[in-house]
Structures are given as structure tokens and as C-alpha cells.
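Below is one structure, written out as C-alpha cells; comments come after it.
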Protein chains: 2
Amino acid sequence: MLKATFRALSDSTRREILSILREGPKTAGEIAAHFPTTFATISHHLAVLRDCGLISDEKQGKYILYELNTSVLEEIAVWLSSFKKDSKKDETL
Amino acid sequence: MLKATFRALSDSTRREILSILREGPKTAGEIAAHFPTTFATISHHLAVLRDCGLISDEKQGKYILYELNTSVLEEIAVWLSSFKKDSKKDETL
DNA sequence: ACATCAATTCGATAATTGTCTAAATAATAA
DNA sequence: TTATTATTTAGACAATTATCGAATTGATGT
């Protein structure tokens, strides 16, 4: 869903989370340690990112590992490409 | 600003407005005619798109012509490209 | 069983947003 | 001038959101 994805990406904390996850999977705690906000707030952001498929989570014992999922970013790229000068493709809302 | 741009793109009406403007510049009225909402609402959406640079407006007598500005979409594309598999840093290719 | 740690969920609050109607601005026409 | 047309702006409302502290779940270790 483009709506939810763009909405998710509009928050700088969430974009930074995605940036952190480019290095590889990380636990919620490792991610939260990068920010001055509370764990509860980061947990909320992770849920937003997960709900639109930008990240996936996997339980590993005591921890939850979050991993970047680039396929949703690919969808955004496809949408963007329809605005390229010579692209008279149909509208993908 | 990525924040404002993603925020603007998270609304389907605004994405549709951009899609309409791919055909070329249109007046606010022509744009509004595509939607069931009021002119005031579309005017608000146009202001949001203008404020983040996704469209530009030009007064033509009685009318205001709105035009798509793809350079901001390019910025999004650049941001996305930093998430490509082999792009560990921000390379603008 | 109990305590501890990792993470989420709950409840509340302040800020933002999309939409409306109604009023205002600005340009043209009669 | 007055009227009409195009568009924005103002004011209000309900819905959504980001954030917090506190309570809760779930896994591990003593």
C-alpha cells in the first residue's frame, strides 16, 4: 500500500531506522539505542515499518531481530519511474 | 525536505493530482473537476504539493496553472538508490 | 519459584491532518 | 459600478499520530 509506505517514510526516525538496518539485521534494543526517545516509541516506529512491509521481524529467543525489506522500496521506485519524462505508462496510484 | 515530500505523497488524492499533471499543466479547476471533494479541499492539497516543491503554480489571468516539478521526485529516487543492494554509501548514479 | 531482561501494549495527551462550509481575494465581463 | 468566475483562506470538526510513563508479556538465568 503506497499510502502506508509513504506515510511511514515521512518520519525521520523511521527513515533513520531503515538506514541503520542497511548494515544488517539488528535487535529492537540495538536500534533503540541510536535514539534519544524511549523504547516504547521506537517499538511503535518498528510496528509502523513492519505493518507496511518495510522491515520484517524474527524472534530469536529473548530478542527480536529486525531486517530491512527492500521490495517495498522497489515498489516506490516503480511508482516514481512512471513520472520519468518518456514514461506514458498508466497511473499507479 | 524528505519529510514534507513523503508526507505529501502519502495522500492518494495528491498522488492522483501528480498523475493528472503528467499530461501537462492544468488549472486548479481542471484538477478539482477530477475529484468528488470540494474545490477548497483540492486547493489545500495543491498548497501541500506546492509547499514541498512537487508542483509549481503560475498565474495566467483569471486562472492558476499548476505544473508538475519532477526534480523533487528525483530527490526521492536518489534517496531510494542508497538502499540498493550494492550501494553501501550514497552514490548518486 | 523468583528475579531480570527484551520488547510490546495500554492509556493519556498534544499536535497535525483532511475535510467541510462560508467568507475573502482577484480577475474578467456586463 | 456590479456581477460572475476562479481560486484561496478562515474557522471548525473528527480522525490520526508521535510521544510518554506505566503495566504486561515472554524468555532466560539463579
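Model, not experiment: these values are computed from the prediction. Below, read A as the first sequence line, B as the second, and so on, with proteins coming before strands; counting in each chain starts at 1. Quick note: numbers below take in every heavy atom, side chains included, and nothing from hydrogens, waters or symmetry partners.
- When side chains are defined from C-beta on, B:Thr13 counts as touching B:Ile42, because their heavy atoms get closer than 4.5 Å.
- OP1 or OP2 of D:dT17 has not a single side-chain nitrogen or oxygen of A:His45 nearer than 4.0 Å.
- Nucleic acid contact class of A:Ala40 (heavy atoms, under 4.0 Å, all strands): base.
- If you run side chain to side chain contact (heavy atoms under 4.5 Å, CB included) between A:Thr27 and each of A:Ile64, A:Asp57, A:Leu65, only A:Leu65 comes through.
- Within 4.0 Å (heavy atoms only), A:Tyr63 reaches sugar-phosphate atoms of the nucleic acid but no base atom.
- Because its NZ or CZ atom is both nearer than 6.0 Å to the ring centre of A:Phe83 and within 45° of the ring axis, B:Arg22 counts as a cation-pi partner of that residue.
- The residue A:Thr27 sits close only to the backbone: its heavy atoms come under 4.0 Å of sugar-phosphate atoms, none of a base.
- Classification of the B:Phe6-A:Phe6 ring pair by plane angle, with boundaries at 30° and 60°, yields tilted.
- As judged by a 4.0 angstrom heavy-atom cut-off over every strand, A:Thr37 is placed among residues touching the sugar-phosphate backbone only.
- Listed candidates were D:dG26, D:dT17, C:dT19. Nearest to the side chain of A:Arg7 is D:dT17.
- A:Tyr66 comes within contact range of the sugar-phosphate backbone alone, with a heavy-atom separation under 4.0 Å but no base atom that close.
- Minimum atom distance to the side chain of B:Ser43 is reached by D:dT9, of the listed D:dT19, D:dT9, D:dG26.
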